[in-house]
Amino acid sequence: MEESKKKDSALRVNKGIDQPPSVDENAAQKFKSRKRKQFSITEYVNGIQSGDRTILSQAITLIESALPEHQKTAQEIIEACLPYAGNSIRVGITGVPGVGKSTFIEALGETITGKGHKLAVLAIDPSSERSKGSILGDKTRMELLSANENAYIRPSPAAGSLGGVARKTRESIILCEAAGFDTIFIETVGVGQSETAVHSMVDFFLLLMLAGAGDELQGIKRGIMEMADAIAINKADGDNFKKARHAKAEYKNALHLFPPSLSGWEPQVLTISALKHEGIETLWNTILDYKKITAINGYFHANRQEQAKYWMYQTINENLQDDFYRNESILAQLKEIEKKVIDRKISSFQAAQYLLEKYLKK
Ligand code: GDP
């Protein structure tokens, strides 16, 4: 800015003469309305089913929108797509920043699209809830896969609570499946509660780890390890190879201490190098084995049914909660009651009871 003020600077801004608007307002209006063309539900559904990515993206944008009319259209699209959804393998992928998630997704993505699969990559980024910034960072990641015509990458919805973001991602899965994507990856950062949300919407949960970084350092809690159907120790290359082999043995032992999973599947530990494309094929075969085994023993289907039920209750809970905290008479009194609780004038239970009764009489 300072530069532009200097008299001799080439960046100096001269005041020019008034110009007529550079765009014809009528044309601009027409362009705007064309850009915002609202498709009918049938157009959306047909577009999605024929694999039209622009329409798929627009429909996902409706899912992500907070506007009630967008939500209504989105729900109708989802409803209409539901019969065509479900025919896929949904894989959750988690691990701390820097573990190699995007490198891995590119490597596995290239491998499976090369085999004729169609891959959609969705993300849940818990960081965007708190700050504007995102840990996953969307722009420069997975450039190869972004240009791959058999892959579709959709960054994490930016706004909303984790619950809200997770619901939107789950709904987006349905649309991606209806658009013919047979493999869905849901990526998240292994630092918060988002793993539980991802676990509740996928068939297979993959934990990426590094050798020698220590569990605490990697922020991996016992509960997350317990959810994993496979642990892949990444960066098993160069000097790191031996350490990775050693870590593999340790994690194998650790997993033995967990009670057997309901799926009847024994979680696997593998070493991979996403960078060198090593172990990627083996990992994919592990996922396919899981699908085969759990399809035969009935768990695959039963788990999806459980998840569908879970999301129904989850949505009820969230909507009730949102409605409660948006209620004006509650908002008017919330702080005051909170203070009474802090000052021990009333008990927490009494306060909650009072507010709930007030809400229910709304
Ligand atoms: P993310 O934050 O989990 O998505 O991690 P990235 O995929 O961005 O990888 C972080 C860094 O680790 C990058 O510099 C990658 O090149 C590097 N990296 C990823 N995978 C491997 C691997 O298998 N071996 C080695 N040596 N480096 C890797």
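Numbering of ligands and ligand atoms starts at 1, following listing order. Quick note: residue numbers are just sequence positions, from 1. The figures that follow rest on heavy atoms only: side chains count, while hydrogens, waters and symmetry mates do not.
- Ligand 1 lies nowhere less than 4.0 angstrom from a heavy atom belonging to G95.
- A donor-acceptor pair shorter than 3.5 Å cannot be found between the side chains of Y290 and Q268.
- Residue contact check for ligand 1: N240 places no non-hydrogen atom closer than 4.0 Å to it.
- Residue contacts with ligand 1 for D237 involve side-chain atoms from C-beta outward but no N, CA, C or O (heavy atoms, distance under 4.0 Å).
- Atom numbering of ligand 1 starts at 1 in the shown order; those under 4.0 Å from a heavy atom of P97 are 2 (O).
- Annotation for ligand 1: atoms under 4.0 Å from non-hydrogen atoms of V96 are 3 (O).
- Under the 4.5 Å side-chain heavy-atom criterion for Ile, Leu, Val, Met, Phe, Trp and Tyr, W311 and V198 are members of the same hydrophobic cluster.
- Contact annotation for L208 and ligand 1: no heavy atom of the residue comes within less than 4.0 Å of the ligand.
- Counting non-hydrogen atoms of neighbouring residues, nucleotides and ligands closer than 6.0 angstrom, the CG atom of N87 reaches no more than 12 such neighbours.
- In terms of polar-atom proximity, defined here as any N/O pair under 3.5 Å, I272 makes no such contact with ligand 1.
- Polar contact check, L275 against ligand 1: a nitrogen or oxygen pair lies under 3.5 Å apart.
- F241 and L270 fall into different hydrophobic clusters, where Ile, Leu, Val, Met, Phe, Trp and Tyr residues are linked whenever their side-chain heavy atoms come under 4.5 Å apart, directly or through other members.
- Both W265 and I89 belong to a common hydrophobic cluster when Ile, Leu, Val, Met, Phe, Trp and Tyr are linked at side-chain heavy-atom distances under 4.5 angstrom.
- Considering backbone and side-chain N/O of G98, one or more are found under 3.5 Å from N/O of ligand 1.
- Ligand 1 has no nitrogen or oxygen under 3.5 angstrom from a nitrogen or oxygen of E187.
- Using modelled atom types, one finds no donor on one side chain facing an acceptor on the other under 3.5 Å when comparing N150 with T113.
- On a distance-only criterion, A236 and ligand 1 share no N/O pair closer than 3.5 Å.
- Nearest residue to atom 11 (C) of ligand 1 from K235, E106, H277 is K235 (criterion: closest heavy atom).
- S57 and Y152 form a side-chain donor-acceptor contact under 3.5 Å, judged by distance and modelled atom types alone.
- The backbone N or O of L144 lies less than 3.5 Å from a partner atom in the side chain of E106, making a donor-acceptor pair.
- At least one N or O atom of S102 sits closer than 3.5 Å to an N or O atom of ligand 1.
- Contact check on K243 versus E250 returns no salt bridge, with no Lys/Arg side-chain nitrogen under 4.0 Å from an Asp/Glu carboxylate oxygen.
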